[in-house]
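Working notes for the structure below.
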Amino acid sequence: PAYFGSNTSFLKTNESTSDALNTRFIAIDIFKKITKFHLDKKNETPLFYLEFERLKFVNQYATLADKDDLYYKNLQRIGTAHPDLEESSEVWYTIATIHNNNGSQYFVDSDTTNRWEKKSALNICHQVIENFPNSIGAQQCRTLINTIQEKSLTALNEQAVPANKKHKFLLNYKNLDKVHYKIIPYEYKKYRDERSSNRLEYIQQLNKKSTVFNATVPLVDPKDYQKHNSELLIPALEKGFYIIMVGTSANFDPQGECVAYFPMWSTNITYQYRNLNDKGELLVTNRLTGEPLVDATVEASYREYHLGAYRYKNAGKYTTNINGKIEIPILENHKSLFFEVTYEKETYQSGDSFYGYRSRDERTRVETKLFTDRKIYRPGQEIFFKGILVEYNNDERKLLTNRSASVYFYDVNNQEIATMDVATNDFGSFEGKFTAPHGVLTGEMRISSGNGSTSFRVEEYKRPKFEVKLDQLTAEYKVNDSIK
């Protein structure tokens with residue numbers, strides 16, 4: 001704790017080390033020498049900065065359980081001890097950042113201990129600006145104030161909701177006392193193809209569209225500068241695709257204001273996809289009742305990147321059977337599929353992609369399992385290795401006998417330093433040895449056969465000259481027993 005203390009108490013500390021190159025020890029020694037020099041000269045400002053920098057240094061490397069508390073209290077001490085020193089503004093800014101960081105640990109549903117910490121940081125910053133308006137600390141505080149007072153909002157909603165029924169979406173906001181939102185009917189395919197364009201231009205384009213609903217809702221802002229949640233009502237909407245825009249200004253201007261938007265379907269259609277061996281299956285049902293939709297039309301498509309943009313290609317048109325299902329062949333190269341379902345003049349496309357794959361891989365592959373006799377060697381020691389060559393074909397596997405292979409030895413920089421040609425015996429295995437190199441960078445090295453590898457370390461280490469033995473247990477113990 002004395003290292004967090006005043007300059008005079010710091011100079012009374014004694015430290016020693018057997019490591020002459022210990023940089024932290026050297027740094028403390030330098031701090032002491034410079035501090036003593038300025039104490040003798042009675043240089044207030046350099047002494048203040050030295051103490052401030054020392055506190056930061058000690059806090060960074062200290063391992064004390066209460067170091068954060070010691071750091072905070074001594075920052076307050078040096079800030080209070082120099083009320084008229086302009087440079088103290090930087091200390092008070094540091095104290096403000098501690099409060100702000102503590103405030104970030106506030107969780108509305110669990111730990112509310114630090115709820116008002118950001119407000120404390122704000123009050124400190126305002127005081128710094130009032131006392132030292134042209135100081136470096138004041139400039140830092142203005143930036144921190146802007147961060148604390150920054151407005152924000154995000155919206156979270158279901159991808160699709162039942163048609164003609166009221167619904168709610170979740171709004172997460174900070175430093176807002178009201179919010180505006182509107183609902184815009186839109187064409188899904190147009191949204192899908194345009195949403196990756198410039199965001200500001202897209203919001204301006206959305207603002208030109210007609211709406212089916214507009215609302216302004218007051219929000220609770222307790223001035224704690226924390227994030228809060230609120231649920232906002234979505235009225236019953238006819239079947240179709242919509243975009244909901246939320247903003248801090250009534251005109252939803254993206255310049256200097258917060259604006260968010262998200263898509264939503266109002267539909268009674270839903271579907272699920274699963275992979276079956278070498279084909280896919282899509283089940284189309286009613287979102288409310290779960291009943292299968294019979295004779296629904298399903299258009300499948302996949303996406304390809306061409307000339308700087310994604311293009312959607314048709315992958316077939318299907319009709320659901322009596323169980324509301326269709327079967328779809330797996331595409332070449334296992335492309336992901338998109339589905340558009342039409343039922344009784346209602347269309348729904350979730351936008352999710354579904355990856356089709358064959359559950360059985362018919363390709364044959366060969367792997368080499370490599371092992372070494374140890375995991376660490378000294379330079380010059382022999383590295384004994386063994387390998388097993390295995391062929392996999394679906395669920396079958398077999399050892400490859402009388403096969404030739406090459407084993408390569410790579411150093412820390414992945415440079416080949418040795419190679420050996422081997423052949424498997426009647427049991428599908430081979431063995432050999434390399435010599436750990438001298439005069440190169442030590443560390444993790446590896447041997448590889450092309451379709452398998454294993455790593456180990458080459459280090460200049462000494463074997464331990466002591467042995468640890470444990471006394472044999474003479475009794476049995478269980479939880480809460482005392483052991484001497």
Side-chain angles (χ1 to χ4, degrees), residues 154-167 169 180-215 232-247 251-254 259-273 282 284-288 293 295-320 326 335-354:
T154 56
L156 182 65
N157 188 52
E158 300 289 341
Q159 182 189 67
V161 299
N164 300 306
K165 290 185 177 293
K166 293 180 180 179
H167 185 64
F169 71 91
H180 311 270
Y181 67 104
K182 61 182 179 180
I183 303 176
I184 305 167
Y186 213 74
E187 182 183 344
Y188 173 75
K189 290 184 178 178
K190 188 176 180 181
Y191 166 79
R192 179 193 68 186
D193 297 336
E194 292 176 349
R195 60 181 174 176
S196 60
S197 60
N198 183 282
R199 182 177 182 273
L200 293 180
E201 293 178 359
Y202 191 63
I203 291 175
Q204 292 169 349
Q205 179 181 325
L206 290 176
N207 280 330
K208 298 176 183 178
K209 304 295 181 180
S210 58
T211 64
V212 294
F213 181 80
N214 294 271
L232 303 185
L233 179 67
I234 297 176
L237 297 172
E238 295 182 357
K239 296 174 182 178
F241 178 74
Y242 300 87
I243 292 179
I244 299 178
M245 293 187 69
V246 186
N251 61 358
F252 299 89
D253 183 6
V259 179
Y261 65 87
F262 58 89
M264 188 194 74
W265 283 93
S266 177
T267 178
N268 291 331
I269 299 174
T270 187
Y271 53 80
Q272 296 82 38
Y273 177 87
L282 191 76
V284 183
T285 59
N286 183 291
R287 183 176 295 275
L288 291 171
L293 299 184
D295 294 330
T297 301
V298 179
E299 293 186 47
S301 61
Y302 62 92
R303 189 170 65 175
E304 285 188 347
Y305 193 75
H306 181 65
L307 298 177
Y310 283 105
R311 309 293 181 190
Y312 288 83
K313 304 291 185 67
N314 184 274
K317 192 172 184 178
Y318 307 86
T319 302
T320 58
I326 62 168
K335 292 185 175 72
S336 294
L337 289 170
F338 299 84
F339 299 106
E340 181 183 282
V341 178
T342 303
Y343 181 74
E344 295 182 351
K345 298 182 179 180
E346 179 185 357
T347 298
Y348 171 56
Q349 182 175 347
S350 70
D352 294 333
S353 61
F354 299 89

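Considering NZ of Lys313 and OG of Ser301, their distance stands at 11.0 Å, rounded to 0.5 Å. Interatomic distance, NE2 of His167 versus CG of Leu232, reported as 11.5 Å (0.5 Å rounding). To the nearest 0.5 Å, the span separating OG1 on Thr270 from CG on Leu293 amounts to 9.5 Å. Between the CZ atom in Phe213 and the CD1 atom in Ile234 there is a gap of 9.0 Å [rounded to 0.5 Å]. The structure places CE of Met245 at 11.0 Å from OG1 of Thr211, a figure rounded to the nearest 0.5 Å. For the atom pair OG1 (Thr347) and CD (Glu187), the distance works out to 11.0 Å, reported to the nearest 0.5 Å.
Heavy-atom minimum distance, Ser210 versus Ile184: O-CG2, 3.5 Å.
Classified by interplanar angle (parallel below 30°, tilted 30° to 60°, perpendicular above 60°), the ring pair Phe252/His180 is perpendicular. Between Phe354 and Phe339, the ring-plane angle classifies as tilted under the 30° and 60° cut-offs.
Qualifying ring pair (Phe, Tyr, Trp, His ring centres under 6.0 Å) partners for Phe169, counting only residues two or more places apart in sequence or in other chains: Tyr181, Phe262. Residues meeting the ring pair (Phe, Tyr, Trp, His ring centres under 6.0 Å) test with Tyr186, sequence neighbours left out: none.
Within the 3.5 Å criterion, the main-chain N or O of Pro263 finds no donor-acceptor partner in the side chain of Tyr188. With hydrogens and angles ignored, the 3.5 Å screen pairs a side-chain donor or acceptor of Ser266 with a backbone N or O of Glu238. No donor-acceptor pair closer than 3.5 Å links the side chain of Thr319 to the backbone N or O of Thr297. When atom types are taken as modelled, the side chain of Trp265 and the backbone of Gln349 share a donor-acceptor pair closer than 3.5 angstrom.
Ring pair Tyr271/Tyr348: centre-to-centre distance below 6.0 Å. For Tyr312 and Tyr302, the ring centers are positioned 6.0 Å apart or more.
Two residues are said to be in side-chain contact when any heavy atoms from C-beta on lie closer than 4.5 Å; Lys182 and Val212 fail this criterion. Between Val298 and Leu282, some side-chain heavy-atom pair lies under the 4.5 Å cut-off.
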>> Please determine whether side chain to side chain contact (heavy atoms under 4.5 Å, CB included) holds for the pair Met264 and Ile243, giving the CA-CA distance in whole Å, both sets of side-chain angles, and the decisive distance to 0.1 Å.
In response: CA-CA 6 Å; Met264 188 194 74; Ile243 292 179; over 6 Å; no

> Leu288 and Lys165: side chain to side chain contact (heavy atoms under 4.5 Å, CB included), yes or no, with the steps?
Replying inline: CA-CA 11 Å; Leu288 291 171; Lys165 290 185 177 293; 4.0 Å; yes

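Judged by the 6.0 Å distance and 45° axis criteria, Arg199 is not positioned over the aromatic ring of Tyr261.
More than 12 heavy atoms of other residues, nucleotides or ligands sit less than 6.0 Å from atom CD of Glu304. In Gln159, the CD atom is crowded: over 12 heavy atoms of neighbouring residues, nucleotides or ligands sit closer than 6.0 Å.
Lys239 pairs in a side chain to side chain contact (heavy atoms under 4.5 Å, CB included) with only one of the listed residues (Ile269, Asn268, Thr267), which is Asn268.
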